[in-house]
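Structure first, commentary second.
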Amino acid sequence: MGTDMTTATTISTSARTEILRRISVANGGTSDAAAAGAAWEHLAREYRRKAVLQPESVLDLLEDRLRDYDAHVERVRRGDVADVVAKMLATRGKRRMVIPAGIAPEWLPAGFEFVADEGMTAIELDGFDGVMTGSTVAIAETGTVVLQNVPGQGRRAVTLVPDYHLCLVSAADVVETVPEAMEGLRGKAELATTFFSGPSATADIEMTRIKGVHGPRHLDVILIL
Amino acid sequence: MSGVALDPKTAPVFPMAARTALADTQMRKNVRHATDVIQAKRARVVAEMPDWQQLREAGKQIRQHTMEHLDFYLEQFEENCTRAGGVVHWARDAEEARKIVTALVKASGSDEVIKIKSMTTEEIHLNDALEAAGIHAYETDLAELIIQLGEDQPSHIVVPALHKNRQQIREIFQRKMNLPELGETPQDLADAARMFLREKFLRIKTGVSGANFLIAETGGVCIVESEGNGRMCLTLPETLITIAGIDKVVPRFQDLEVLLQLLPRSATGERMNPYNSIWTGVKPGDGPQTFHVVLMDNARTDILADKEGRQTLNCIRCGACQNACPVYRQTGGQAYGSVYAGPIGAILTPQLQQMHHAQSLPFASSLCGACYEVCPVKINIPEVLIHLRAKVVNQNTAGITGLFDFEAAAMTAMAMIFKSERRFRAAQRLGRMAETPLVRKDGQGVGWISWLPGMLGGWTQVRDLQEMPKETFRDWWERRGKNGN
């Protein structure tokens, strides 16, 4: 094991010097933070970076895009979340759900089993009917929801292995464009981050879109107003 | 060509391989259908974007800027990734990259790996190297699984199995997964793949991936995918080894706001692909606890050093140029003799081979410009094709061989003939005489030449030539003048 790592390190050290030398020859000199930073500031960014729609229309757009990707979407007032969660789980026939630590307790209806993830193995996660989480931000234009490793959203494996994902999105966290979302994520860019747009899908067989290959096969989204 | 790796060093020249491909009508039908569907989807979602051209321009400038400061951004990535708990390795060429990855897999204590679809690992034939070291690699992307089980080769950057239809896929799965009763709907096939791979995802402790983007500012890595197999490989194993070309770096996190808009719409015609993963080094309790990144050159610095060719490195591997290319749509991908097919392959492959192999590829294009029009980062592929054609000609006429260059001699003779009317008329008469033994009449009595000797043979390799008219325009005009009508 030790010798294997040594092999990798020995090659790498001389390769690093040589590659950086080749780049500086190709570019006619080396670059540094000051030169790169100054040039980066001048890159053209004439594309849209701000919302143009009213907040209500942004929600409509998100809902439309999510439905287009086979997600089921419901809009709910803050006080009714637990009731709608109960209704959705019943409709889907899901009873035993895994949840990340830190999820709002008032979202959890009685009559179902909610088990908090405390570093479960993938095999244990595979035994659940589904997973329920919150979210960081949602992008209307692309029908995308973003999860990060924070309380209420949890580890990446938790939203990946179970067959069903019920995701709660607060209307206040919905933006219209990708640049607005990235701007909001920038301060937390180093957290493990997952963007999902609809349930797992593939078009590898005759370009027919098929839902659910390896990730959750079904996705429900609750938009909390 | 099943099972034989697509290697530019041993592949037949494009015109030969294309001739074989054109005879495969099933493959051509499958490729035509798939590229039609993606192109229609792409056109629809690109038309939705009022700022598409501005996004393309930003994408182009970000990529150009990255290449101009590549050394700084690579070192910045290395520093930040290392600080976050990753281990960064460097590889000059494919051989070094294979050695490093093999050593790292062995160090992980595993003799099996799960792999996300990665063109970079295809480029260096990593699976063969792992197999030779006693390590079995499981491809987990549905299309890559189809290719691996079918002992086939990829034919497209984004949808590598688009040359297979569902009956062909079903047959492969029935045989290799031992499922005689398997249905033939796409859903049946996807379900079979889910069952087959889930056990591997839950069991195998080492993952291997490529990367779509390396973020210098944060040391993070970004991968876009659809099925969730990528997330499985990135999240569940204890060790993750990511291998990326040095061209994959982007300056800052913010730059993803451009690339994550351009890539999915161009690649699969989706507003956003179903899953993007961004991770930075190692996160306690979340994902692999040992993380390696291998930064590979493999001739990319040679491309960087070429003033006209360097824009090839701006490619973000969306495959839009392949779908739009009339040549690719006829021949499919495997005729290109490389894992990078279509217009981007025609410029990338010979350059990755330092112009020693794949010299026929810059000529495998009609220069119609469709590839340039759809490229999300505005790579002027036709311009690079012409530049590389000149390079190929220069290389072949340099030194001793140049002294025997019949093409150059013929061009000089041609210039001399065109300078004089007398010589031109004489040449036309000579041509009519010379062609006589080659002409065959068709049903309508029109003469065709389907084979020309020597160097002229290049013309008739791909088309027939109509015989020369019995009377030239000049002769006709003069005769008409004399007769007064």
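Numbered from 1 within each chain, the chains take letters A, B, ... in sequence-line order.
The stretch residues 18-34 of chain A places A:Glu18, A:Ile19, A:Leu20, A:Arg22, A:Ile23, A:Ser24, A:Ala26, A:Asn27, A:Gly29, A:Thr30, A:Ser31, A:Asp32, A:Ala33 near chain B, each with some heavy atom under 4.5 Å from a heavy atom of that chain. Scanning residues 41-48 of chain A against chain B with a 4.5 Å non-hydrogen threshold yields A:Glu41, A:His42, A:Leu43, A:Ala44, A:Arg45, A:Glu46, A:Tyr47, A:Arg48, sorted by number.
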Checklist entry - Passes side chain to side chain contact (heavy atoms under 4.5 Å, CB included), A:Val161 versus B:Phe201? Steps please. => result CA-CA 10 Å; A:Val161 178; B:Phe201 287 136; over 6 Å; no

Item to check | Stepwise side chain to side chain contact (heavy atoms under 4.5 Å, CB included) test for A:Val213 and B:Asn229 | outcome: CA-CA 8 Å; A:Val213 192; B:Asn229 65 303; over 6 Å; no

Item to check | side chain to side chain contact (heavy atoms under 4.5 Å, CB included) between A:Trp40 and B:Gln254, worked out | outcome: CA-CA 11 Å; A:Trp40 187 86; B:Gln254 191 197 322; 3.4 Å; yes

Next on the checklist: Working note: B:Glu48 + A:Glu141, criterion side chain to side chain contact (heavy atoms under 4.5 Å, CB included); need CA distance, chi angles, decisive distance, verdict.
Outcome noted: CA-CA 10 Å; B:Glu48 277 177 12; A:Glu141 191 167 66; 6.0 Å; no

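Heavy atoms closer than 4.5 Å to chain A are found in the side chain of B:Glu78, but not in its backbone. Only the side chain of B:Ile169 has a heavy atom closer than 4.5 Å to any heavy atom of chain A. The contact between B:Val88 and chain A is made entirely by backbone atoms, counting heavy-atom distances below 4.5 Å. If you measure heavy-atom distances from A:Leu125 to chain B, you find no contacts under 4.5 Å at all. The part of B:Ile246 that comes within reach of chain A is its side chain, from C-beta onward, which places non-hydrogen atoms under 4.5 angstrom from that chain. Heavy-atom distances place both the backbone and the side chain of B:Leu70 under 4.5 Å from chain A. With a 4.5 Å cut-off on non-hydrogen atoms, A:Ser14 touches chain B through its backbone and its side chain both. A:Asp163 touches chain B through backbone and side chain together, each having a heavy atom under 4.5 Å away. Neither the backbone nor the side chain of B:Arg300 has a heavy atom closer than 4.5 Å to any heavy atom of chain A. Interface remark: B:Val37 contributes side-chain atoms only to the contact with chain A (heavy atom separation under 4.5 Å). Contact annotation for A:Pro216: both backbone and side-chain heavy atoms come within less than 4.5 Å of a heavy atom of chain B. In this structure, chain A has a heavy atom under 4.5 Å from the side chain of B:Leu236, while its backbone stays farther away. When heavy atoms are compared at a cutoff of 4.5 Å, B:Ala143 approaches chain A by way of both its backbone and its side chain. With a 4.5 Å cut-off on non-hydrogen atoms, B:Arg203 does not touch chain A at all. Heavy atoms closer than 4.5 Å to chain A are found in the side chain of B:His292, but not in its backbone. For a residue to count as touching a neighbouring chain, one of its non-hydrogen atoms must lie under 4.5 Å from one of that chain's; by this rule B:Asn30 does not touch chain A. Heavy atoms closer than 4.5 Å to chain A are found in the backbone of B:Met67, but not in its side chain. When heavy atoms are compared at a cutoff of 4.5 Å, B:Leu197 approaches chain A solely by way of its side chain, counted from C-beta outward.
The minimum heavy-atom distance between B:Trp90 and A:Ala15, with the atom names listed, is O-CB, 3.3 Å. Counting all heavy atoms, side chain and backbone alike, B:His33 lies closest to A:Glu206 at NE2-O, 3.3 Å. The two residues A:Pro179 and B:Gln261 have their closest heavy-atom pair at CD-NE2, 3.6 Å. Of all heavy-atom pairs between A:Ala201 and B:Pro274, the closest is CB-CG, 4.1 Å. Summarising the geometry of B:Thr280 relative to A:Ala189, their closest heavy-atom pair is OG1-O, 4.0 Å, with the distance given to 0.1 Å. Pairing each heavy atom of B:His65 with each of A:Ala36, the nearest pair is CE1-O, 3.2 Å.
Within a 6.0 Å radius of CD in A:Glu118, no more than 12 heavy atoms belonging to other residues, nucleotides or ligands are found. In this structure, B:Lys29 places its NZ atom where only 12 or fewer heavy-atom neighbours from other residues, nucleotides or ligands lie under 6.0 Å away. The 12-atom threshold is exceeded at CD of B:Gln167, counting heavy atoms of other residues, nucleotides or ligands nearer than 6.0 Å.
Between the side chain of B:Arg198 and the main chain of A:His214, a donor-acceptor pair closer than 3.5 Å is present. In terms of modelled atom types and a separation under 3.5 Å, the side chain of B:Tyr275 and the main chain of A:Ser200 share a donor-acceptor contact. Judged by distance alone, the side chain of B:Asp286 and the main-chain N or O of A:Arg156 form a donor-acceptor pair under 3.5 Å. Counting only distance, with no hydrogens or angles, the side chain of B:Arg194 and the backbone of A:Gly215 share a donor-acceptor pair below 3.5 Å.
With respect to chain A, the highest number of heavy-atom pairs below 4.5 Å among B:Arg92, B:His69, B:Met232 belongs to B:Arg92. Each of B:Glu96, B:Lys164, B:Glu270, B:Glu217 has some count of heavy-atom pairs under 4.5 Å with chain A, and the biggest count is that of B:Glu270. Ranked by heavy-atom pairs under 4.5 Å with chain B, the list A:Thr9, A:Asp126, A:Ile123 is led by A:Asp126. Top candidate by heavy-atom pairs under 4.5 Å with chain B, chosen from A:Tyr69, A:Phe195, A:Phe196, is A:Phe195. Between chain B and the options A:Met207, A:Glu183, A:Gln148, A:Glu180, heavy-atom pairs under 4.5 Å are most frequent for A:Met207. Note: B:Val258 leads B:Asp302, B:Val258, B:Leu74 in heavy-atom pairs under 4.5 Å with chain A.
The CD1 atom of B:Ile278 sits 7.5 Å away from the CG atom of A:Leu185 when rounded to the nearest 0.5 Å. Going from atom CZ of B:Arg170 over to atom CD1 of A:Ile205 covers 12.5 Å, rounded to the nearest 0.5 Å. The line from CD1 of B:Ile100 to CE of A:Met5 is 10.5 Å long, rounded to the nearest 0.5 Å. For the atom pair B:Gln187 CD and A:Lys211 NZ, the distance stands at 8.5 Å (nearest 0.5 Å). Atom CZ of B:Arg166 sits about 5.5 Å away from atom OG1 of A:Thr208, to the nearest 0.5 Å. Rounded to the nearest 0.5 Å, atoms NZ (B:Lys106) and CG (A:Asp4) are 6.0 Å apart.
Under 4.0 Å is where a charged nitrogen must lie from a carboxylate oxygen, and between A:Asp204 and B:Lys117 no such pair does. Ion pairing of B:Asp191 with A:Arg217 is present here, as a side-chain N (NZ or NE/NH1/NH2) and a carboxylate O approach within less than 4.0 Å.
With hydrogens and angles left out, the side-chain atoms of A:Arg155 and B:Thr235 include no donor and acceptor closer than 3.5 Å.
Residues B:Met272 and A:Arg65 have side chains not in contact (no heavy-atom distance under 4.5 Å, counting atoms from C-beta outward). Considering only heavy atoms from C-beta on, B:Lys41 stays 4.5 Å or farther from A:Arg209 through its side chain.
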